[in-house]
Protein chains: 2
Amino acid sequence: MSLKLYDLVGADDRRFSPYCWRVRMALAHKGLAAELVPTCFTDKDKIAFSKQDKVPVLMDGETVVSDSFEIACYLEDAYPDRPSLFGGALGRAEARFINHWVITTVHGPLLRMVIKDILDHLDPKDRAYFRESRTKRLGAPLEEIQAGREARLPEFRAGLAPFRALLAEQPYMCGEAPAFGDYILFGAFQWARVISPFHLLERDDPVHAWRRRMLGLFDGLAEGATGYAETAA
Amino acid sequence: MSLKLYDLVGADDRRFSPYCWRVRMALAHKGLAAELVPTCFTDKDKIAFSKQDKVPVLMDGETVVSDSFEIACYLEDAYPDRPSLFGGALGRAEARFINHWVITTVHGPLLRMVIKDILDHLDPKDRAYFRESRTKRLGAPLEEIQAGREARLPEFRAGLAPFRALLAEQPYMCGEAPAFGDYILFGAFQWARVISPFHLLERDDPVHAWRRRMLGLFDGLAEGATGYAETAA
């Protein structure tokens, strides 16, 4: 068994991809160790063997899998005797909904609140690429997109309302214990934490307490990563 | 086996509660027949035995269960050999998130688009109660709340984005076949369909096609209910 994960990296060894974090948490959940291969945005050659250009990419022996959700499905099917990420086909299907909810409701607004912070924490060789591609994609200079983020915080927090209501009923997205649905959402917060000092959550928010529990999982795997401790304080 | 469901009713035998519809779909999913007991908002005495004042209330022999999610859990546990509503503990936990997402993102805006239509389709004895309690709860006359609903449609439809994205990957919320997560969301659309001619979805919206499939389930259980066919046309 030889697992290798191509993992997005910035300056100071910051590992900031929300999608890579999902996979790292999923690997830990399964009790699997993987060699992490630090990969910059512009290291497209490094992952060309995967026949697409985005991390995470997982290699398991000769098997190559890309896309974080597909990697989770692969791990679930290839290691069925390890703790389950989905709890069956129906749980997997519902996790796909959680995935789309997180992308739409969390990733979208969050990206606009930390995009200049991302730029500032990139490996220098990635900066021109990132600035150019994101300016084009989002239609404005990164400084302008991030500006005024404090004013957008209430709406961001309001978007978390369904999850906050859920936490009044159970401690994790997936019930009494975390599973892939939790890692999907947590990846977003860990992304922000690694590259931004911006406070996203109020201290008395149940989502804040959930994030604390997530940071502590697997001997503090996420908490130990280079980042801004205060974002999660 | 003798099942009885206290089911919200309006004028012309309209069964319009989204929560009761979830339960009716769940019963059909389990292949269980229940006697429906039409219950008005002001028929509080009729369900006083349940020690709370909201339908749905399910009686299964001597067992009394209220709250649609709790009823689904009860059915799942009491009839484990019938088709599953949740697919296990993890699927059940994730369905609770779907429940909160639907309440926040769908029920909230939807109520404000059809609240006067609800009033107009109530049993006359319920109208004063409904007008007074909802005016107080929502802080404005019902006519005023509903007014301008066309302008709010784009935002309502945008709120469905995560589900729409999911439908590009699988035909139902719960995967290849519908389960309780689908019934949770469908209840909202059936609520609107039964009491309002207002068009909620565009014909080329994948959510529209999903709703069509849901209407046809169980020999057209939901489609056959008194309502506005054109809302789902």
Side-chain angles (χ1 to χ4, degrees), chain A residues 26 29 67-70 72-73 76 83-109 155 157-185 188 206-207 210, chain B residues 26 29 67-70 72-73 76 83-109 155 157-185 188 206-207 210:
Chain A
H29 183 102
D67 181 281
S68 63
F69 206 99
E70 292 312 306
C73 291
E76 185 77 345
S84 177
L85 291 164
F86 296 117
L90 209 156
R92 186 184 300 204
E94 291 176 336
R96 286 189 186 274
F97 174 72
I98 294 168
N99 182 35
H100 288 294
W101 178 75
V102 167
I103 290 172
T104 306
T105 311
V106 186
H107 281 202
E155 194 183 345
R157 290 170 179 164
L160 297 168
F163 184 57
R164 195 172 290 117
L166 179 71
L167 291 175
E169 294 176 3
Q170 59 193 34
Y172 294 99
M173 180 70 92
C174 295
E176 293 304 313
F180 199 61
D182 291 274
Y183 308 144
I184 290 171
L185 179 56
V207 182
W210 165 83
Chain B
H29 183 102
D67 181 281
S68 63
F69 206 98
E70 291 314 306
C73 291
E76 185 77 344
S84 176
L85 291 164
F86 297 118
L90 209 155
R92 186 184 302 205
E94 291 176 335
R96 287 188 186 274
F97 174 72
I98 294 168
N99 181 36
H100 288 294
W101 177 74
V102 167
I103 290 171
T104 306
T105 311
V106 186
H107 281 201
E155 194 183 345
R157 291 170 178 164
L160 297 168
F163 183 57
R164 195 172 289 118
L166 178 72
L167 291 175
E169 293 175 4
Q170 59 193 35
Y172 294 99
M173 179 70 92
C174 294
E176 292 304 312
F180 198 62
D182 291 273
Y183 308 144
I184 291 172
L185 179 56
V207 183
W210 166 84

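Source: prediction; values computed, not measured. To find a chain, count down the sequence lines: A is the first, B the second, and so on, and within it residues start at 1. When reading the values below, keep in mind they use all heavy atoms of this one structure, side chains included, and skip hydrogens, waters and symmetry mates.
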Identify which part of A/L85 has an atom lying under 4.5 Å from any heavy atom of chain B, answering side chain, backbone, both or neither. backbone

Look up atom CG in A/D182 and atom CZ in B/F97, then write down how far apart they are to the nearest 0.5 Å. 11.0 Å

To the nearest 0.5 Å, what is the distance between CZ (A/R164) and OG1 (B/T104)? 10.0 Å

Winner by heavy-atom pair count (cut-off under 4.5 Å) against chain B, out of A/A179, A/A95, A/A93: A/A93

Validation row: B/E169, A/H100 side chains within 4.5 angstrom (heavy atoms): yes

Output for pair (B/L166 CG, A/N99 CG), nearest 0.5 Å, gives 9.0 Å

Under the side chain to side chain contact (heavy atoms under 4.5 Å, CB included) test against B/C174, which residue among A/R96, A/R92, A/E94 passes? A/E94

Evaluate B/F163 against A/W101 for ring-ring contact (aromatic ring centres under 6.0 Å, His included), listing each step before the verdict. CA-CA 8 Å; B/F163 183 57; A/W101 178 75; over 10 Å; no

So, the part of B/F86 with a heavy atom under 4.5 Å from chain A: the answer is backbone

Please identify, among A/G87, A/S84, A/G88, A/A165, the residue contributing the most non-hydrogen atom pairs under 4.5 Å to chain B. A/A165

